[in-house]
There are 2 protein chains.
Amino acid sequence: MQRHATDLYQNEAGGGRAIRAIPDRICDKWTMLIVATLDEGRMRFTDLHKRVTGISQRMLTLTLRNPERDGLVFRTVYAEVPPRVEYALTPLGESLIPPALALAGWAIEHSPRIGASRTAFDAGRQ
Amino acid sequence: MQRHATDLYQNEAGGGRAIRAIPDRICDKWTMLIVATLDEGRMRFTDLHKRVTGISQRMLTLTLRNPERDGLVFRTVYAEVPPRVEYALTPLGESLIPPALALAGWAIEHSPRIGASRTAFDAGRQ
DNA sequence: CTGAATCCTGACCGATACTG
DNA sequence: CAGTATCGGTCAGGATTCAG
C-alpha cells in the first residue's frame, strides 16, 4: 500500500491523531531501545536493566508498560521466590524491528554527515 | 550492510551515544512531522505553521533549528520587507523520508491491533 | 528480584508580548 | 512576516526508599 509523508501528520479530523500517537509512543526516549534489546531474545527484568544502558529502574518499569499494553511485549510472571519475570517480544513486536532498523541504519549511515553539519552550523553561529 | 537491533543501543564505549542521539533527535515531538511536511515541497514559515497542526509558533521556531543544524533542512532568507523565509529539505533530509515512511506505514498497518491490545490490557487492569 | 511510592529538579512547552 | 524574550505551569524522569 502506497504511503505518503502526509500520513505522518494527518490532522485530527482525518483520524490522524491516533496515527500520530503511535510513532510518538514508539519513539519515546526508551521504548525503541527496549524493543530492540528484546529482539535478542526473552530476558528478565534485571538483564534488561543491565543491557539498556543508562535507564533507571523506575523508567524501565514505567516504560515497559507501554509496549506491553500495546501488545509488542509479553510479560511472564513465574510464581517463585524470589520472583522471576521475563519479557519477550510478541510477533507484533518483532514486526516492528525491520522498520526500526531501517531508521537506525539511516542514522548510522549518515551520522558523520550530520556531525559535520552540526559543526559547520555551530561555527557559523560562533 | 547488515544491521542488528543491537546497533540501536550500543553503549557509549562503542560510539553508540552518538548513534542513539540521532533517532532521539529525529523522533522528538515535532521534527518528524516537520520533515514530512517539508517533503511536500519548499514552503515558508507561516505555511509550515498552518500545516503542522497544533504546534505553537515558538516551538516551530525552536524545533526547526534542530534539523537545520543537522543538515536536513535548508533555510533561505530573502532580503525583502516584509521578510520572507523559506524552508526546504536537503538531499539528506529527503533520504530520511523512506525509513520514516516505513515506520509510519507500520504504525498505520498495525493501528487496529494495537488499539485492541490496549483495550484488552485496560480491561484486565479494570 | 521485581516493582511501587515518594520526593524533587530541570526541561519542555504554551501563552503572551515585543522587535526588525 | 518571522522571529525573540520572558513568565509560568506541567511533567518527565532520576534518586531513594519501601514492599511482596
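Both backbone and side-chain heavy atoms feed into the values below; hydrogens, waters and symmetry mates do not. Lettering follows sequence order; numbering is per chain, from 1.
Side-chain nitrogen and oxygen atoms of B:Y87 include at least one within less than 4.0 Å of the OP1 or OP2 phosphate oxygen of D:dG3.
Atom-to-atom, CG of B:L60 to P of C:dG14 comes out at 11 Å; the value is rounded to the nearest Å. For the pair B:I55 CD1 and C:dC13 P, the interatomic distance rounds to 9 Å; values are reported in whole Å. Between the CD atom of B:E80 and the P atom of D:dG3 there is a distance of 14 Å, given to the nearest Å. What separates CH2 of B:W30 from P of C:dC13 is a distance of 8 Å, to the nearest Å. Following rounding to the nearest Å, A:I34 (CD1) and C:dG3 (P) show an atom-to-atom distance of 12 Å. Atom CZ of B:R65 and atom C1' of D:dA2 are 12 Å apart (whole Å). For the pair A:H49 NE2 and C:dA4 C1', the interatomic distance rounds to 15 Å; values are reported in whole Å. The CD-P distance, from A:E86 to C:dC1, rounds to 14 Å in whole Å.
A donor-acceptor contact under 3.5 Å links the side chain of B:R58 to the base of D:dT6. Evaluation of atom-type donor-acceptor distances gives a pair under 3.5 Å for the side chain of B:Q57 against the base of D:dG3.
Residues B:S56 and A:R84 both approach DNA chain C. Their nearest nucleotides, taken by heavy-atom distance, put A:R84 toward the 5′ side. With the nearest nucleotide of DNA chain D identified for both A:L62 and A:P83, A:L62 has the one nearer the 5' end.
Side chain of A:M59, nearest nucleotide from C:dG14, C:dC1, D:dG13: D:dG13.
Heavy atoms of B:Y78 sit nowhere under 4.0 angstrom from any nucleic acid atom.
Counting all heavy atoms, side chain and backbone alike, A:I114 lies closest to B:L92 at CG1-CD2, 4.0 Å.
Between A:R65 and A:R69 the shortest side-chain heavy-atom distance does not fall below 4.5 Å.
Across B:W30, B:Y87, B:F45, a single residue satisfies side-chain contact (heavy atoms from CB on, under 4.5 Å) together with B:L60, and that is B:F45.
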For this session: Apply the test side chain to side chain contact (heavy atoms under 4.5 Å, CB included) to residues A:T37 and A:M43: give CA-CA distance (whole Å), side-chain angles for both, the deciding distance (0.1 Å), then the verdict.
Result: CA-CA 9 Å; A:T37 303; A:M43 64 185 75; 4.1 Å; yes
For this session: Show the numbers, then the answer: is there a side chain to side chain contact (heavy atoms under 4.5 Å, CB included) between B:L103 and A:L96?
Result: CA-CA 8 Å; B:L103 199 61; A:L96 174 59; 3.8 Å; yes
